[in-house]
Amino acid sequence: MIPVGFEYVRATSVDEAIELLVEHGEEASLLAGGHSLLPVMKLRLAAPEVLIDIGRLPELAYVRADGDAIAIGAGTRHRTLESSELLAAECPLLPAVARTVGDPQVRHRGTIGGSLAHGDPASDLPAAVLALGGNVVLRSPRGERTVPITTFYTGVFSTVRDPDELIVEIRVPRTGGAGWAYEKFVRRANDWAIVAVAVVDGRIGLANMGPTPLRATAAEAALADGASIPDAAALADRGTDPVSDVPATAEFRRHLARVLTKRALTTAAG
């Protein structure tokens, strides 16, 4: 299908992008890589009157160390994440997960900020940032605020971001040598996850097990109390709300969450 008509504006700076958001409010959408937004526009599930292009802002594209954290600009491409030597050394889960996103064409255009902002519960990177215990930095005319990823999502394709706010940075801890793993079950290579599990340092992020990316808190608590990996993994689906659809039933997703969590925890421990 063809999207409805819209006005296109290319922002030349972060400040200009925020000014445009203030001017157009909820009528505007931000365009970074476009791999999340354009498909829903073609299906007419979204019909913004104004597209604000932020995909070529160098001030949003970086990966750098900042104390105990790694700061990643929201406009950083997936390809940059997967090839970053800093991330490979200090936060290896993130480049490993970035390599599973789509195909090379998608990874050369898609951005981490766009992936997190879209809010698809089946996305890879939100589950990874959740397992890492990361934070999202938002900027507006009122200044900056930092939101823990655990409270960033409010529902399917829904976040706490206000209409005049722009995601400018994602911050994740430097996990170094902590055990980590990512397990993703798909029908075909490059597909969205039917279920995926990210594990690092005792935290467990789940993709496609509810309306938002989720932490497997019952399994995490069991591990912290000294439970074995099989016993903890058996709790991975507790507190989740998976859907039944064409790719899988809710019960099969629950089964996958338990199996993939056991695999990921075993890999991380090894």
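Computed from a predicted structure; not experimentally measured. Heavy atoms only: backbone and side chains are in, while hydrogens, waters and symmetry mates are out.
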Sequence neighbours excluded, which residues qualify as salt bridge (Lys or Arg N to Asp or Glu O under 4.0 Å) partners of Glu90?
Arg174
Between Ala65 and Ile70, which heavy-atom pair has the shortest distance, and what is it?
CA-CD1, 4.1 Å
Can you name the nearest heavy-atom pair linking Ser123 to Ser115, along with the distance?
CB-OG, 4.1 Å
Within-4.5 Å side-chain heavy-atom neighbours: Tyr8 and Arg10:
yes
Side-chain donor-acceptor pairs of residues 20-47 under 3.5 Å, sequence neighbours excluded:
residue: Arg44; atom: NE; partner: Ile2; partner atom: O; Å: 2.9
residue: Arg44; atom: NH2; partner: Ile2; partner atom: O; Å: 2.8

Shared ILVMFWY cluster between Leu130 and Ile167, side chains joined below 4.5 angstrom?
yes
Smallest heavy-atom separation, Thr111 atom then Arg77 atom, equals CG2-NH1, 3.5 Å
Might you point out which heavy atoms bring Ile52 and Ala11 nearest each other, and give the distance in Å?
CG2-CB, 4.2 Å
Solution key, residues 152-160 side-chain donor-acceptor pairs under 3.5 Å, sequence neighbours excluded:
residue: Tyr153; atom: OH; partner: Leu116; partner atom: O; Å: 2.8
residue: Thr154; atom: OG1; partner: Ser158; partner atom: O; Å: 3.4
residue: Thr154; atom: OG1; partner: Ser158; partner atom: OG; Å: 2.6
residue: Thr159; atom: OG1; partner: Arg161; partner atom: N; Å: 3.2

Name of the residue among His255, Arg253, Arg258 meeting side chain to side chain donor-acceptor pair (under 3.5 Å) with Asp237:
Arg258
If you group Ile, Leu, Val, Met, Phe, Trp and Tyr by side-chain heavy-atom gaps below 4.5 Å, do Leu138 and Leu166 land in one group?
no
Besides Trp192, the hydrophobic cluster formed by Ile, Leu, Val, Met, Phe, Trp and Tyr side chains linked at under 4.5 Å, directly or via other members, contains none
Drop me the distance from Thr12's OG1 to Ile54's CD1, to the nearest 0.5 angstrom.
12.5 Å
Ile204 vs Leu223, side chain to side chain contact (heavy atoms under 4.5 Å, CB included): CA-CA, chis, key distance, verdict
CA-CA 11 Å; Ile204 306 167; Leu223 283 174; 4.3 Å; yes
Would you give me the side-chain donor-acceptor pairs under 3.5 Å for residues 259-270, sequence neighbours excluded?
residue: Thr261; atom: OG1; partner: Ala257; partner atom: O; Å: 2.6
residue: Thr266; atom: OG1; partner: Lys262; partner atom: O; Å: 2.7
residue: Thr267; atom: OG1; partner: Arg263; partner atom: O; Å: 3.0

Could you report the tightest heavy-atom contact between Pro213 and Ala127, atom names first, then the distance?
CB-N, 4.5 Å
Quick one: do Val172 and Ile149 end up in the same hydrophobic cluster if we chain Ile, Leu, Val, Met, Phe, Trp and Tyr together by side-chain heavy atoms under 4.5 Å apart?
yes
Rounded to the nearest 0.5 Å, how far does CG of Asp103 lie from NE2 of His78?
10.5 Å
Arg145 pairs by side-chain contact (heavy atoms from CB on, under 4.5 Å) with which of Val137, Val136, Asp162?
Asp162
How many angstroms lie between CD in Glu169 and CD in Glu59, if you round to the nearest 0.5 Å?
12.0 Å
What's the verdict on side chain to side chain contact (heavy atoms under 4.5 Å, CB included) for Leu125 and Leu81, showing C-alpha distance, side-chain angles and the deciding distance?
CA-CA 11 Å; Leu125 287 167; Leu81 299 179; 4.2 Å; yes
Distance, nearest 0.5 Å, that separates CD of Glu19 from OG of Ser13:
7.0 Å
With sequence neighbours left out, the residues meeting salt bridge (Lys or Arg N to Asp or Glu O under 4.0 Å) with Arg79 are Glu82
So, the side chain of Thr175 versus the backbone of Ala178: is there a donor-acceptor pair under 3.5 Å, distance only?
no
Transitive ILVMFWY side-chain link Val63 to Val200, under 4.5 Å
yes
When you measure from the side chain of Thr240 to the backbone of Pro242, do you find a donor-acceptor pair of N or O atoms at a distance under 3.5 Å?
no
With heavy-atom distances below 4.5 Å as the criterion, would you say the side chains of Thr212 and Pro121 are in contact?
no
Can you confirm whether Asp164 sits close enough to Ile18 that some side-chain heavy atom of one is under 4.5 Å from a side-chain heavy atom of the other?
no
Backbone of Val97 reached by a side-chain donor or acceptor of Lys184 within 3.5 Å
no
How many angstroms lie between atom CG of Leu94 and atom CG of Leu86, to the nearest 0.5 angstrom?
10.5 Å
To check you understand the geometry: which heavy-atom pair defines the closest contact between Cys91 and Pro173, and what is its length?
SG-O, 3.9 Å
Atom pair CD1 (Ile170) and OG1 (Thr146), whose distance is rounded to the nearest 0.5 Å
11.0 Å
Short question: side chain of Arg215, backbone of Gly133 - any donor-acceptor pair under 3.5 Å?
no
If you group Ile, Leu, Val, Met, Phe, Trp and Tyr by side-chain heavy-atom gaps below 4.5 Å, do Leu93 and Val101 land in one group?
yes
